[in-house]
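Below is one structure; the comments refer to it alone.
Only heavy atoms go into these numbers, but all of them, side chains included; no hydrogens, no water, no symmetry mates.
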Amino acid sequence: MKVAILGGDGFCGWPASLYLSEQGHEVTIIDNLSRRAIDEELGAESLTPIASIEDRLAAWNEVSGKHIGFARIDVAKEYDELLDFLRTEQPDAVVHFAEQRAAPYSMKSSRNKRYTVDNNTSATHNLLAAIVESGRDIHVVHLGTMGVYGYGTAGMKIPEGYLQVQVTSEESGTVDQDILYPSNPGSVYHMTKVLDQHLFAFYAKNDELRITDLHQGIIWGTTTDETARDERLINRFDYDGDYGTVLNRFLMQSAVGYPLTVHGTGGQTRAFIHIRDMVRCIEIALENPPAQGEKVKIFNQMTETHRVRDLAELIARVSGAQVALVPNPRKESPENELHVVNETFLDLGLNPTTLEEGLLHEVEEIARKYADRANLDMIPARSLWTSSNAAGEPQTAR
Ligand code: USQ
């Protein structure tokens, strides 16, 4: 299959590009290298040393004998270039990762909020409009987020995108309907993925585009079989307060001897998926597109749920790390339950990688290997959701 990966230089896009290339797909990466520019803006680097996109692609060719193409296009701004690419390259599918993906970054200031909304919604809408204008039948696989739903349960498991409701009125009696599960985003970033959902629903209905939206949980791990094949193929490892995600941050903190930064009571329950399962899910989604005219296919791309403090306690137990309870910089429920339906991927053959000590050690080992590159000043989360919740320095709980 001919696949274009928008955002193929990023944390999920890069390992997904390599995996799909390894499986024999013809892959082209489209990226504006914005994630590297944000590193510079924040003064925060990936813990792992990432090679330039040119060196990455040359290294992949060297170790695998396979070719991945690259086009530097800003999908949110360079519509004509995107359209031209779709017309000349004629991909069968586009995987869309080309969005600003950090909730804390999106909440730092009005500039960050506006950038995140402008960039993410323009990227998505430009892609959809360009596919229509190209006149081609191109399946879109989009990386969405579990955070579109919020993290409550309403007494039920969160379904895969749609809620079946019955509406009763005097005129039409009782009518069954599938509606998008009510959204409840917790950050401007998560909200952009809610807006994406509505763009997808419209284009699937009006233009009969074939679209799959993957509502992904928090990734943990950084390495796949492909990124491990050569140091120049190494994936990013974000640990800073904006881009680092919770479990990878805890593992890095444990490796460098920094108390694990549990926000609030750590009672937040979230959905997780290992990075190796993420790349497999992308392939499964590509292989199972909706029919033309069918509504958007929505999969919950997660394999397990965990409470933040349980993760911290687990890592403390296996590695001797200290746990710190820090004031929560975010506005979020201090404690929540979370139950999620994820049957589609399991039925389609995903064999989940569950949290186990071996893999935790693997991530910690990578963090230890590059510990001398760590800047401990970048660890505290300093992006505040509201002016009333000041984040302080870690307070050691044990
Ligand atoms: N947290 C801590 N300590 C930390 C970092 C985070 O307690 O040092 C807590 C947060 O307060 C939050 C939870 O851990 O309650 C998750 O935070 P996170 O930074 O790991 O994840 P989040 O901001 O939700 O975003 C990440 C990705 C995003 C993706 C999302 C999936 O950056 O791209 O969409 O996970 S989900 O969380 O399921 O919405």
Given 3.5 Å as the limit, does a donor-acceptor pair link the side chain of [X] with the main chain of [Y], or not?
X    : Y    : answer
Y203 : H198 : no
R232 : R56  : no
H306 : V308 : no
K108 : K113 : no
S254 : F250 : no
N120 : Q100 : yes
S319 : I315 : yes
T227 : T224 : yes
T145 : H215 : no
Q164 : D176 : no

[X]: what forms a ring pair (Phe, Tyr, Trp, His ring centres under 6.0 Å) with it, not counting sequence neighbours?
X    : value
F237 : none
F200 : H142
F345 : F299
Y189 : none

Report the residues that fulfil side-chain contact (heavy atoms from CB on, under 4.5 Å) with [X], sequence neighbours left out, ordered by chain and then residue number.
X    : result
E365 : R368
T88  : D84
N184 : none
N32  : S34, D74

If you count heavy atoms of other groups shown closer than 6.0 angstrom to [atom1] of [X], is the number above 12?
X    : atom1 : result
K157 : NZ    : no
R114 : CZ    : no
E356 : CD    : yes
K77  : NZ    : no

What I want to find out is whether [X] reaches [Y] closely enough, with some N-O distance under 4.0 Å, to be called a salt bridge.
X    : Y    : result
R210 : D92  : no
D242 : R101 : no
E332 : R270 : yes

**Study point:** Joint cluster assignment, I30 & V279, ILVMFWY side-chain distance < 4.5 Å
**Key:**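 Looking at the clustering, V279 is in a separate group from I30.
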Review point. Transitively linked via ILVMFWY side-chain contacts under 4.5 Å: V341 with Y181?
Key: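 In one cluster with V341: Y181, no.
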Exercise for review: Determine the interplanar angle of the Y243 and Y105 rings, folded into 0 to 90°, and report it as parallel if under 30°, tilted if 30 to 60°, perpendicular if over 60°.
Suggested key: tilted
Exercise for review: With sequence neighbours excluded, tell me which residues meet side chain to side chain donor-acceptor pair (under 3.5 Å) with N288.
Suggested key: none
Would you mind writing out the side-chain donor-acceptor pairs for residues 346-353 within the sub-3.5 Å range, not counting sequence neighbours?
residue : atom : partner : partner atom : Å
T353    : OG1  : D277    : OD1          : 2.9
T353    : OG1  : D277    : OD2          : 3.4

Exercise for review: Scan residues 43-88 for pairs that pass ring pair (Phe, Tyr, Trp, His ring centres under 6.0 Å), counting only residues two or more places apart or in two chains.
Suggested key: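 Those involving residues 43-88 do not exist here.
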Check your understanding: Could you give all pairs that pass the ring pair (Phe, Tyr, Trp, His ring centres under 6.0 Å) test and reach residues 13-45, with sequence neighbours left out?
Key -> none
Check your understanding: So, for R236 and S46, which heavy atoms are closest and what is the spacing to 0.1 Å?
Key -> CA-OG, 3.4 Å
**Study point:** Which atom of P290 lies closest to which atom of T212, heavy atoms considered
**Key:**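 Heavy-atom minimum between the residues: CD-OG1, 3.5 Å.
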Review point. Do the side chains of S134 and Q90 get nearer than 4.5 Å, heavy atoms only?
Key: no
